[in-house]
2 protein chains.
Amino acid sequence: MRAHSDAPRSRRERPAKPALTRAGIVAAAVEIMRAEGLGKVTMRRLAQELDTGPASLYVYVRNTAELHAAILDELLGTVHVAAADGDWRARLESVLASYTAVLFEHRGLATAALVARPSGEHYLNLVETLLALLDEGGVPSRQAAWGIDLLLQYATATAAEHTTRDESPRVRAQDEWDALSGALRRASDQTHPYVAGLAAEMLSGEPEARLSWGFRTLINGILHTPVPADGSPN
Amino acid sequence: MRAHSDAPRSRRERPAKPALTRAGIVAAAVEIMRAEGLGKVTMRRLAQELDTGPASLYVYVRNTAELHAAILDELLGTVHVAAADGDWRARLESVLASYTAVLFEHRGLATAALVARPSGEHYLNLVETLLALLDEGGVPSRQAAWGIDLLLQYATATAAEHTTRDESPRVRAQDEWDALSGALRRASDQTHPYVAGLAAEMLSGEPEARLSWGFRTLINGILHTPVPADGSPN
DNA sequence: ACCTGAACACCGTTCAAGT
DNA sequence: ACCTGAACACCGTTCAAGT
């Protein structure tokens with residue numbers, strides 16, 4: 001409850017329509033996303049929230065893709081970049097897990113992140129942290145430079161995988177998993193001996209265990225795989 | 001030009017409207033996708049192509065997501081699963097490259113593939129091949145079972161990354177790359193020393209070289225990272 | 001059972017016209 | 001320069017009614 005304000009009394013008490021700014025637009029977009037999911041963050045809905053028409057937004061935002069990228073940049077600010085303690089591997093895993101958690105929380109944004117990669121300050125901080133940790137672990141710098149992409153892409157794709165299109169809740173995710181698990185289990189050991197033999201293994205493991213194994217696998221791979229000599233910048 | 005046909009003359013010469021079937025619907029969807037991109041494969045457009053109303057499609061297809069998954073199953077049939085020669089690593093890479101190429105060719109389908117994972121016969125064949133190759137390389141079976149996901153997800157995500165939303169051509173992809181590369185190059189070596197120092201390395205390498213390095217990195221990681229003991233099936 | 005017209009409830013984006 | 005009403009050209013999905 002606002003006590004009083006210096007705003008001219010000639011205005012009505014309800015908050016005056018604020019001037020449009022890029023920051024204000026992105027902030028409103030984040031708010032809608034938190035409240036109702038990314039699927040509701042449309043130009044029209046956003047314009048309505050800002051008490052204007054959709055056309056007005058195009059002064060500040062090139063298109064919907066750019067809007068989604070801006071939302072993501074904003075969210076990356078909440079990634080826990082200063083991981084607690086433990087050796088470099090543990091801290092690296094922890095930062096990556098935090099990044100993954102942010103994307104999991106806002107399902108749908110991960111899919112956007114794969115296509116429209118962020119490039120803001122928060123993203124830079126994240127990359128800086130990851131490079132520092134890899135250096136601490138003695139990972140050769142060129143492998144670290146290429147490896148960053150692999151690690152972030154894995155986290156992003158994993159979050160995206162668990163995103164059932166926009167909202168449609170548990171149902172479809174379950175459907176698809178059943179379809180896959182059914183197909184694997186039904187595989188004939190005549191035509192698909194490996195699949196038949198390993199179906200249970202392929203479907204085993206808690207998501208957290210698999211995510212963690214994935215990170216460790218990538219880190220080991222990065223550690224053991226030299227980047228080819230060439231590498232001309234492009 | 002058809003010479004003559006056994007069709008009753010009472011019908012007009014133009015092909016009689018064929019009965020709707022799931023297979024026919026999927027086939028028409030694939031055709032539209034090949035000709036105009038996945039973005040044009042909409043229920044309404046598809047119905048128009050089949051000379052009916054969109055509501056009719058819902059008798060055979062639950063929703064748009066299921067339609068996209070069906071298209072993908074179809075396409076997976078063109079993956080070169082029987083790789084030429086070379087050691088198991090080379091053949092493994094070649095199968096994965098073929099899978100990636102299919103998704104690259106039909107940009108946008110990769111994004112769909114991350115969310116709606118395929119589970120058809122073609123997918124099973126691909127998984128069988130990959131498991132056989134990993135076994136040939138002496139990869140412990142549990143690591144292979146979990147590793148498959150990593151390899152296919154990497155290929156899928158990489159294709160998805162290069163997919164600029166639907167169609168909007170080179171322009172935006174270039175935009176985003178410039179944004180990222182600009183941000184990396186502009187990074188201050190005071191606040192982001194690692195990023196500043198490694199910007200060139202991070203942006204280096206041809207896409208093919210990076211894809212190949214990614215596959216090798218994953219394979220090495222899978223080879224070196226044991227799956228935790230537990231692994232209860234769920 | 002299968003099919004469909006019509007409607008409901010939306011979209012992104014552009015552009016000429018206003019201030 | 002910034003903002004906007006209105007339009008253009010679409011969407012997915014449902015449902016009552018027909019055959």
Side-chain angles (χ1 to χ4, degrees), chain A residues 15-26 28-29 32-33 35-71 108-109 111-112 115-116 163-169 171-172 175-176, chain B residues 16-26 28-29 32-33 35-71 108-109 111-112 115-116 163-169 171-173 175-176:
Chain A
K17 181 179 162 183
L20 285 178
T21 60
R22 193 177 204 275
I25 289 169
V26 173
I32 295 174
M33 188 201 59
E36 304 171 53
L38 190 68
K40 291 290 167 60
V41 183
T42 65
M43 293 304 227
R44 295 178 100 105
R45 175 62 205 285
L46 187 51
Q48 181 192 306
E49 206 73 14
L50 292 165
D51 200 16
T52 183
S56 307
L57 303 179
Y58 284 82
V59 178
Y60 303 94
V61 169
R62 200 197 308 270
N63 53 36
T64 307
E66 198 195 283
L67 179 66
H68 285 171
I71 293 174
L109 207 53
T111 315
V115 178
T163 303
T164 317
R165 213 159 304 255
D166 287 332
E167 294 304 279
S168 59
V171 190
R172 270 210 67 72
D175 275 7
E176 265 152 27
Chain B
K17 179 179 161 181
L20 285 178
T21 61
R22 192 177 205 277
I25 288 169
V26 173
I32 294 174
M33 189 201 58
E36 304 170 53
L38 189 67
K40 291 291 168 60
V41 183
T42 67
M43 293 303 227
R44 295 177 101 104
R45 175 61 205 286
L46 187 51
Q48 180 192 309
E49 207 73 14
L50 292 165
D51 201 14
T52 182
S56 306
L57 304 178
Y58 284 82
V59 177
Y60 303 94
V61 168
R62 201 198 307 270
N63 53 37
T64 308
E66 199 195 284
L67 178 65
H68 287 169
I71 293 175
L109 206 54
T111 314
V115 179
T163 303
T164 317
R165 214 158 303 256
D166 288 332
E167 294 303 280
S168 59
V171 189
R172 269 211 66 70
D175 275 7
E176 266 152 28

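Here the structure is a predicted model, which is why all the values come from computation and not from measurement. Below, chains carry the letters A, B, ... as their sequence lines are ordered, and counting in each starts from 1.
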| Is it true that A/Glu49 and A/Lys40 have a side-chain N and a carboxylate O under 4.0 angstrom from each other? | no

Distance, rounded to the nearest Å, where [X] contributes [atom1] and [N] contributes [atom2]:
{"X": "B/Arg22", "N": "C/dC3", "atom1": "CZ", "atom2": "P", "result": "14 Å"}
{"X": "A/Gln48", "N": "D/dA6", "atom1": "CD", "atom2": "C1'", "result": "17 Å"}
{"X": "A/Leu57", "N": "D/dT4", "atom1": "CG", "atom2": "C1'", "result": "11 Å"}
{"X": "A/Tyr60", "N": "D/dA1", "atom1": "OH", "atom2": "C1'", "result": "9 Å"}

| field | Canonical and wobble pairing (Watson-Crick, G-U, under 3.5 Å) of DNA chain C, dot-bracket with | | value | ||.|||||...|||||.||

Contact summary for [X] and [Y], nearest pair of heavy atoms:
{"X": "B/Asn63", "Y": "B/Val61", "answer": "O-CG1, 3.1 Å"}
{"X": "B/Ala70", "Y": "B/Arg22", "answer": "CB-NH1, 4.0 Å"}
{"X": "A/Ala47", "Y": "A/Gly53", "answer": "CB-C, 3.4 Å"}

| What string of B, S and - do you get for nucleotides 7-18 of chain D 5' to 3' if you count protein non-hydrogen atoms under 4.0 Å? | B---BBBBB---

| request: Give a yes/no answer on whether the side chain of B/Thr52 brings an N or O atom under 4.0 Å of OP1 or OP2 in C/dT4. | output: yes

To the nearest 0.5 angstrom, please state how far the [atom1] atom of [X] sits from the [atom2] atom of [Y].
{"X": "A/Leu46", "Y": "A/Thr64", "atom1": "CG", "atom2": "OG1", "answer": "9.5 Å"}
{"X": "B/Ile25", "Y": "B/Leu57", "atom1": "CD1", "atom2": "CG", "answer": "5.0 Å"}
{"X": "A/Leu38", "Y": "A/Thr111", "atom1": "CG", "atom2": "OG1", "answer": "8.5 Å"}
{"X": "A/Tyr60", "Y": "A/Glu66", "atom1": "OH", "atom2": "CD", "answer": "13.5 Å"}

| said: Using the P atom as the point on both nucleotides, what is the distance between D/dC8 and C/dA9, in whole Å? | reply: 23 Å

